[in-house]
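Any value given below was found using the heavy atoms of this structure, including those in side chains, with hydrogens, waters and symmetry copies removed. Throughout, a chain's letter reflects where its sequence line sits, starting with A, and its residues are numbered from 1.
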2 protein chains.
Amino acid sequence: MSQPHNHKQHGQVHGHAHGTIEEALENLKASGLKTTRTRKALLTILVREHGPFTIEELQQRLEAGGSTCDIVTIYRNMTNFVDAGMVRSCDFGDGSARFEWALGEHAHHHHIICQQCRKIEELELCVVEELEQLVSKRGYSQVSHRLEFYGICTACQLQANKTR
Amino acid sequence: MSQPHNHKQHGQVHGHAHGTIEEALENLKASGLKTTRTRKALLTILVREHGPFTIEELQQRLEAGGSTCDIVTIYRNMTNFVDAGMVRSCDFGDGSARFEWALGEHAHHHHIICQQCRKIEELELCVVEELEQLVSKRGYSQVSHRLEFYGICTACQLQANKTR
DNA sequence: TTCAGTGCAAACAGTTTGCACCGAG
DNA sequence: CTCGGTGCAAACTGTTTGCACTGAA
């Protein structure tokens, strides 16, 4: 598995994109990516349902819509979309990456994941204890959460300055 | 990769264990696990340095201490220790599980992970925004965090009740 | 002595890479 | 027409499983 947080700095949204497929396609072009049938289909799914979806779920949805697409192509396109800042990758610790539409109202948010059925809900708020209560109030039991911080430490910052 | 959060309910600490190897070994026995040389060595490392360590890091440390141990055995023992509630598994999204000693002062906490050198620091507090500031004040740049919630949704709770 | 613990080989799952062909611009 | 996009096969990484041997109790 790659390091999902390394893409962050690449994210570059061209124009102010909302939730329509047309805007997604503009974004594609602006990022120097060609408009293929596969990409159109993938973006349509992501814009409409915004995910997060695993690669397999995306493939199933493609097939349900009549398209076929090699799983490798989906991987490659998700990487493209993430680099283009249109899509965000999530890792819920169950071994597969998930991808969700990152533009419009879907900026920064968190998720509630059912440990049993893996259902995923979105959360807008962001203060931990309040939130665990909120999650309980939504009817979840055995609520727990995962929180980790990421950043560049001072040592690495210094090293980066030297290299420049 | 397994689902690290499924172990939570198994966690059962026997007696009030602190940070000594003797107590770790007591815990082993209380969990019905035999006291082998390998386990003794692994627990010594975890109690002394508390991690979080990847499986490979554990193997290296074992070798540095003169022991040898198949990587499969380390996997199996980490599962045992997690089930016994002595060790907690962490997933920082870089593709390998990490394990840290979970008893004594090392109860619930979070981490700051350097995106570049992968250095890991511990954090005790647990309110998100305050914390991102705190992390910045520690000298980290490009601070971000990962926060996800886990629980059993109402549907699954109902289903579980039926099955019983 | 007995069964849990271990090592080795092989299987597995998710993901990535190499290469030849295809199709958008 | 050209070069980026795609499919297929194969490699790779982290992890798990099967099985026979070994050693703790």
Side-chain angles (χ1 to χ4, degrees), chain A residues 1-7 24-43 52-60 62-63 67-84 86-87 89-99 118, chain B residues 1-7 24-43 52-60 62-63 67-84 86-87 89-99 118:
Chain A
M1 198 186 296
S2 71
Q3 301 174 8
H5 290 269
N6 283 353
H7 295 302
L25 294 177
E26 267 176 49
N27 241 288
L28 250 196
K29 200 177 292 180
S31 306
L33 300 167
K34 288 185 180 170
T35 313
T36 66
R37 194 177 311 157
T38 306
R39 284 181 180 158
K40 219 178 277 186
L42 282 169
L43 289 172
F53 296 128
T54 61
I55 295 285
E56 285 211 333
E57 285 166 352
L58 286 167
Q59 193 176 38
Q60 286 160 10
L62 279 182
E63 279 166 10
S67 324
T68 31
C69 178
D70 193 284
I71 208 163
V72 174
T73 301
I74 307 184
Y75 274 107
R76 288 196 261 230
N77 278 322
M78 287 306 119
T79 308
N80 293 148
F81 297 167
V82 170
D83 288 351
M86 291 190 268
V87 163
S89 85
C90 315
D91 173 357
F92 298 152
D94 64 349
S96 0
R98 280 178 176 74
F99 301 88
R118 294 271 135 194
Chain B
M1 196 186 295
S2 71
Q3 301 175 8
H5 289 268
N6 282 353
H7 295 302
L25 294 177
E26 267 175 48
N27 241 287
L28 250 195
K29 199 177 293 180
S31 305
L33 299 167
K34 289 185 180 170
T35 313
T36 66
R37 194 178 310 157
T38 305
R39 284 181 179 157
K40 220 179 275 185
L42 281 169
L43 288 172
F53 297 128
T54 61
I55 295 285
E56 285 211 333
E57 285 165 353
L58 286 166
Q59 193 175 38
Q60 286 161 11
L62 278 182
E63 278 166 9
S67 325
T68 32
C69 177
D70 194 283
I71 208 163
V72 174
T73 300
I74 307 184
Y75 274 108
R76 288 197 262 230
N77 277 322
M78 287 307 119
T79 307
N80 293 149
F81 297 166
V82 170
D83 287 351
M86 292 190 267
V87 163
S89 85
C90 316
D91 173 357
F92 298 152
D94 63 350
S96 359
R98 281 177 176 74
F99 301 88
R118 294 271 135 195

Side chains of B/Asn27 and B/Leu43 in contact at under 4.5 Å (non-hydrogen atoms): no
Interatomic distance, A/Asp94 CG vs D/dT15 P [rounded to whole Å]: 14 Å
Contact letters for nucleotides 18-25 of chain C, in which S counts primed atoms plus P, OP1 and OP2 and B counts the base, heavy atoms under 4.0 Å: B----BBS
First of B/Asn80 and A/Glu56 reached from the 5' end of DNA chain C, by closest nucleotide: B/Asn80
Heavy-atom pair of closest approach, residues A/Pro52 and A/Arg98: CB-CB, 3.7 Å
Nearest-0.5 Å distance, CG of residue B/Leu42 to OG1 of residue B/Thr73: 9.0 Å
A/Gln59 side chain to A/Cys69 backbone, donor-acceptor under 3.5 Å: yes
Minimum-distance nucleotide (side-chain atoms of B/Tyr75 versus D/dT6, C/dT6, D/dT16): D/dT16
Bend angle of the helix from C/dT1-D/dA25 to C/dG25-D/dC1, end axes from five pairs each (to 10°): 30°
d(CG, B/Asp83; P, C/dA4) in whole Å: 16 Å
Closest approach of B/Arg39 to B/Lys34 (non-hydrogen atoms, all atoms of both residues): NH1-O, 2.9 Å
Residue pair A/Ile55 / A/Phe99, side-chain heavy-atom distance below 4.5 Å: yes
Below 4.0 Å: OP1/OP2 of D/dT6 and any side-chain N or O of A/Asn77: yes
Integer-rounded Å distance: C/dG5 P and B/Phe81 CZ: 10 Å
Interatomic distance where CD belongs to B/Glu63 and P belongs to C/dG7 [whole Å]: 11 Å
Min side-chain heavy-atom separation A/Lys40-A/Leu28 under 4.5 Å: no
Euclidean distance, atom CZ of residue B/Phe92 to atom C1' of D/dG14 [Å, nearest integer]: 17 Å
Value in whole Å for how far the C1' atom of D/dG5 lies from CG of A/Leu25: 16 Å
Nearest-Å distance for atom pair CG/C1', residues B/Asp70 and D/dT16: 12 Å
Nearest-Å distance for atom pair CD/C1', residues A/Glu57 and C/dG14: 14 Å
B/Asp91 and A/Asp91, any side-chain heavy atoms less than 4.5 Å apart: yes
Distance (rounded to the nearest 0.5 Å) between B/Arg76 CZ and B/Ile71 CD1: 12.0 Å
